Amino acid sequence: MSTTMKAVVAEAYGPPESLTVRRMPVPVPGPGQIQVRVRAAALNPADLRMVEGAMHELAPLTFPHVPGSDFAGTVVALGDGVSRFTVGDEVFGLGLPRAAVAMATISSDPPSLTTGTMAEYAVFDADTPALAPRPAELAVEHAASLPMAALTALPVMRMGRFQPDETVLVIGATGGVGSTVVPLLAAAKAHVIATAAATDQPYIRSLGATEVIDHHADDVVGETLRRHPGGIAAVVNLAVPGDRLVAFGEAVRPGGRIVNVAFPKPDPAAFGRDDLTVETAFMTAHGGDLTRIAAHAIDGSLPAAIGRRYRLEDGARAYRELIAEHTRGKLIVVMDEQA
């Protein structure tokens with residue numbers, strides 16, 4: 001194996017246009033760590049927020065920095081003391097940058113940290129629920145698309161306690177998390193109303209949405225109430241800034257709930273209703289979560305939601321397009337053949 005690898009690299013804080021693809025040293029696993037040959041990785045907006053410096057107080061990066069959290073790949077080397085995995089194991093999951101240890105501690109216990117997945121090789125801490133074996137029936141790209149979106153969707157589902165036949169409005173349904181939440185709600189036999197662009201309606205219906213409202217509509221709340229005059233059971237917000245979510249409470253019937261993912265999180269007192277439960281879900285990984293998600297993917301209840309694929313040499317362009325262009329589902333980078 002070569003001592004250098006190809007990777008997407010940020011040399012300093014800056015916009016997506018500052019990212020480049022170049023060769024850099026292959027990271028070596030330390031005690032308790034595994035080295036993975038990355039086969040596919042998924043892009044997340046949080047990758048760019050870190051690179052742009054928006055999270056520098058919470059996660060001060062060191063440079064050069066390789067972005068990327070979601071991945072699927074093959075274990076190729078073990079650090080001292082690793083017994084959970086062996087060389088040759090197929091794995092998938094996510095890790096946050098080592099500078100983001102405070103965030104990683106909230107997301108999983110023990111925390112999951114990485115050298116960055118937008119590279120031919122990456123190092124991860126082995127003992128974390130945010131990594132799991134990849135079943136042979138789960139395709140590499142599908143596996144790489146799942147971790148962050150699914151580990152956000154599962155807390156939404158737990159918090160929402162959705163019941164069969166309940167009507168649930170999903171705001172921002174075509175992104176990575178939405179493309180996971182909608183089929184999970186459908187599998188729970190909820191009646192899903194999703195907001196999406198008109199051109200995305202066939203896609204979002206294929207994921208299990210029963211109704212679609214154009215997200216460009218002037219009054220999504222009014223349209224929801226026109227279709228369901230008695231109000232709906234719940235709102236899942238994946239897109240509207242939480243401090244602008246109050247109006248959507250009007251669509252929720254007494255005793256209903258709002259589950260939020262977007263930043264900033266809403267203040268429950270702002271809704272002025274004691275009968276409305278307002279909670280914010282965060283990405284978290286518990287033991288068995290990724291195994292459960294893999295099972296959903298294999299049985300077809302969680303279909304692959306891959307919008308576009310790129311080669312690693314086009315990884316910097318992929319990040320630019322993540323921000324500049326409309327995306328559906330997850331953008332995936334497939335690694336070039338490694339030496």
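Note that the coordinates shown come from a computational prediction; the quantities given were computed from them, not determined experimentally.
For the side-chain contact (heavy atoms from CB on, under 4.5 Å) criterion with Val235, the lone passing option out of Thr224, Val221, Val168, Leu169 is Leu169.
Between Arg205 and Asp200, no side-chain nitrogen of the basic residue sits less than 4.0 Å from a carboxylate oxygen of the acidic one, so the salt-bridge criterion is not met. Here Arg22 pairs with Glu11 in a salt bridge; the nearest charged N to carboxylate O distance falls below 4.0 Å. Electrostatic pairing of Arg161 and Glu166 does not count as a salt bridge here, judged by no charged N lying under 4.0 Å from a carboxylate O. Between Arg292 and Asp289 there is a salt bridge, since a side-chain N of the basic residue sits under 4.0 Å from a carboxylate O of the acidic one.
Looking only at atom types and distance, the side chain of Ser18 has no donor-acceptor partner in the side chain of Tyr13 under 3.5 Å away. A side-chain donor-acceptor contact under 3.5 Å links Thr4 and Arg23. Side-chain contact of Tyr310 with Arg308: a donor-acceptor pair under 3.5 Å is present, judged by distance alone. A side-chain donor from one of His228 and Glu211 sits under 3.5 Å from a side-chain acceptor of the other.
With a 6.0 Å radius and a threshold of 12 heavy atoms from other residues, nucleotides or ligands, Asp299 has its CG atom above the threshold. Open room surrounds CD on Glu57; 12 or fewer heavy atoms of other groups in view lie less than 6.0 Å from it. Few gaps surround CZ on Phe63; more than 12 heavy atoms of other groups in view lie less than 6.0 Å from it.
Between the side chain of Asp275 and the main chain of Gly255, a donor-acceptor pair closer than 3.5 Å is present. Judged purely by atom type and a 3.5 angstrom limit, Asp214 uses its side chain to pair as donor or acceptor with the backbone of His216. Although no hydrogens or angles enter the test, the distance criterion places no donor-acceptor pair under 3.5 Å between the side chain of Ser145 and the main chain of Ile306. Between the side chain of Ser69 and the backbone N or O of Gly95 there is at least one donor-acceptor pair closer than 3.5 Å. A donor-acceptor pair under 3.5 Å is absent between the side-chain atoms of Glu141 and the main chain of Ala40, judged by distance alone. The main-chain N or O of Pro27 is never found under 3.5 Å from a side-chain atom of Thr115 such that the two would form a donor-acceptor pair. The backbone N or O of Val123 lies less than 3.5 Å from no partner atom in the side chain of Gln33, so there is not a single donor-acceptor pair. Of the possible polar contacts, one joining the Asp267 side chain to the Ala269 backbone as a donor-acceptor pair under 3.5 Å is found.
Considering every non-hydrogen atom in both Pro29 and Gly79, the closest pair reads CB-N, 4.0 Å. Here the shortest heavy-atom pairing between Ser179 and Gly329 reads OG-CA, 3.6 Å. When all heavy atoms of Ala234 and Phe162 are compared, the closest pair comes out as CB-CE2, 3.8 Å.
For residues 176-198, no pair satisfies salt bridge (charged side-chain N to carboxylate O under 4.0 Å, His left out), with sequence neighbours left out. The list of salt bridge (charged side-chain N to carboxylate O under 4.0 Å, His left out) pairs with a residue in residues 68-90, not counting sequence neighbours, reads Arg39-Glu90, Asp70-Lys330, Glu90-Arg134.
Contact of the Thr195 side chain with the Val170 side chain is not registered, since no non-hydrogen atoms from C-beta on lie closer than 4.5 Å.
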